[in-house]
Asks: 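What follows is a structure written as structure tokens; I'll ask about it next.
Chain letters run A, B, ... following the sequence lines, proteins first and then strands; every chain starts at 1.
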Number of protein chains: 2
Amino acid sequence: MTSTESAPASDKPERKGRLSAEDWAQAALDLIAEQGVAAVAVEPLARRLGVTKGSFYWHFPSRDALLQAALERWESFEQEAVFGTLEAIPDPRERLRNLFQLVAHEAKSHVIYSAMLKALDHPAVQPVMERVSQRRLEYLTASFRQAGLGRSDAQHRARLAYAAYVGFLQLQLQLQQSRPPREEFEAYVEHMMATLIPPLPRQETH
Amino acid sequence: MTSTESAPASDKPERKGRLSAEDWAQAALDLIAEQGVAAVAVEPLARRLGVTKGSFYWHFPSRDALLQAALERWESFEQEAVFGTLEAIPDPRERLRNLFQLVAHEAKSHVIYSAMLKALDHPAVQPVMERVSQRRLEYLTASFRQAGLGRSDAQHRARLAYAAYVGFLQLQLQLQQSRPPREEFEAYVEHMMATLIPPLPRQETH
DNA sequence: ACCTGAACACCGTTCAAGT
DNA sequence: ACCTGAACACCGTTCAAGT
């Protein structure tokens, strides 16, 4: 992120005369977060970076390749952000509750995901989305399994929970004006967890 | 495809020399179903209809207006298609089961919906999606209420069920290659219904 | 009432030439 | 190694002129 070649120790982490592929990818990712996937256009990006659009094609063969690079950049970041936080929690039911709460309240980390959700049309988005979804599904399945569900039930519940997650984000996007008050929202999240997280497996009440 | 201007009583209900706004809207809707929202472009559509793109602007002020007209056309169709079918079923739990089954198996009526889901980015898509979602949520809430849930629980369960529906379609779109076998899929739908549809309210076992 | 044809703006892409 | 500038294709939009 900071200096590169002959930088004479500038304190502002702006940019030197020359750009790298990573600079373009990060700029694209910023744009996605701000204005969505559709906003990633070569000419506006070039303007923003203070170069002509022709120079873009030295770094990437096409606009799609840039998008792909940007999204893969996000993919590796989010992987540790989400899973790193949760891995520490040993109790599976507690971990599931945390996962739901994290998803419900930590809006920032879902900005890019939501942007991708709105742009599944785009060929560059689909493969990334697919890998991320697959990974999350497997994680959920394992957690439900540990929480006491059978193999097949755990798979199905994971599918349902993930669908609820995706659909929840969609509803957030769709019903932006008629947003329910905070209290209402918390009650919904509680309802969701109560419905989807299995109860403690009954055991000898000592 | 067949004749045009001086058509001397063609029996095929193709089109006369002149097009109406509805012709354009329907053509756009067909394109959306076939290739998605992004495929709706004035020039290709005009080619397909055998006219020059200039003529499009006699019917619509912009591409966006065409998209809007096409989607509103779909909106009014789907409204009766979905609700008409279900309105006839008096028992609410039975109606919910039918709704889930309909969604799971009647892929055809969801093609446009899925296309819109992939293109929420587009400003013409959002308001339509919002109205449709709102209507369906209200319908679900009423059904859950009739099935015995309290007012607030019914609302939350409706939100959850609709989120599961939307997310389910997303997963279908995302995991196209690794599609599970039919049997597996049916088992998932059963699991979903068992989890989301409330049990019969206990009553005097006569 | 509906269509053509030419024009312009904007963006993706190419490429020879610059530093 | 990275950038400029001019060119071209494609699509959205406008508009005067046709039928």
Asks: Checking A:F168 against A:Y165 for the ring-ring contact (aromatic ring centres under 6.0 Å, His included) test, could you report, in this order, the C-alpha distance in whole Å, the side-chain angles of both residues, the deciding distance, and whether it holds?
Replies: CA-CA 5 Å; A:F168 171 79; A:Y165 159 63; 7.9 Å; no
Asks: Whole Å only: how far is the CZ atom of B:R63 from the C1' atom of D:dC11?
Replies: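 The answer, rounded to whole Å, is 10 Å.
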Asks: Quick one: B:L45 CG to D:dT13 P, roughly how many Å, whole number?
Replies: 13 Å
Asks: Quiz question: by atom type and distance under 3.5 Å, do the side chains of B:D64 and B:Q68 form a donor-acceptor pair?
Replies: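 There is no such pair (donor and acceptor under 3.5 Å, judged by atom type) between the side chains of B:D64 and B:Q68.
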Asks: For DNA chain D, report each stem as range with range, ordered by first number, or say none. Use Watson-Crick or G-U wobble pairs under 3.5 Å, at least 3 in a row.
Replies: C:4-8 with D:12-16, C:12-16 with D:4-8
Asks: I want to check one thing: is the phosphate of C:dT13, taken as OP1 and OP2, less than 4.0 Å away from some side-chain N or O of A:Y57?
Replies: yes
Asks: Could you state the CZ-P distance from B:F56 to C:dA1, rounded to the nearest angstrom?
Replies: 19 Å
Asks: So do the side chains of A:V51 and A:F56 get within less than 4.5 Å of each other, counting heavy atoms only?
Replies: no
Asks: From CG of A:L49 over to P of D:dT4, roughly how many Å is that when rounded to an integer?
Replies: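 Distance, rounded to whole Å: 11 Å.
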Asks: OP1 or OP2 of C:dA1 less than 4.0 angstrom from a side-chain nitrogen or oxygen of B:R18, does that happen here?
Replies: no
Asks: What's the CH2-P distance between B:W24 and C:dA1, to the nearest Å?
Replies: 18 Å
Asks: What integer distance in Å separates B:W58:CH2 from D:dG18:C1'?
Replies: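 Atom-to-atom, B:W58 to D:dG18, this comes out as 15 Å.
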Asks: For residues B:R157 and B:R145, determine if any side-chain heavy atom of one lies less than 4.5 Å from a side-chain heavy atom of the other.
Replies: no
Asks: Would you say the side chain of A:E75 lies within less than 4.5 Å of the side chain of A:M116, judging by non-hydrogen atoms?
Replies: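 Sidechains of A:E75 and A:M116: no contact.
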Asks: Report the residue (A:G54 or A:V40) whose heavy-atom-nearest nucleotide on DNA chain C is the more 5′ of the two.
Replies: A:V40
Asks: Counting side-chain heavy atoms from C-beta on, which of D:dA1, D:dG12, D:dT4 comes nearest to B:A41?
Replies: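 Minimum distance to the B:A41 side chain belongs to D:dG12.
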Asks: Rounded to the nearest Å, what distance is computed from the CD atom of residue B:E43 to the P atom of nucleotide C:dT4?
Replies: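 Spelled out: CD on B:E43 to P on C:dT4 is 13 Å.
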Asks: Is the phosphate of D:dC3 approached by A:H59 (side-chain N or O, under 4.0 Å from OP1 or OP2)?
Replies: yes
Asks: I'd like to know if B:R159 pairs up with A:E184 as an ion pair, taking the criterion as any Lys NZ or Arg NE/NH1/NH2 lying under 4.0 Å from an Asp or Glu carboxylate oxygen.
Replies: no
Asks: Does the side chain of A:V111 come within less than 4.5 Å of A:W74's, by heavy atoms?
Replies: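 Not in contact.
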Asks: Checking all strands, does A:S62 fall into the base, sugar-phosphate, or nothing category for heavy-atom contacts under 4.0 angstrom?
Replies: sugar-phosphate
Asks: Distance check needed: D:dC8 P versus A:K53 NZ, whole Å only.
Replies: 14 Å
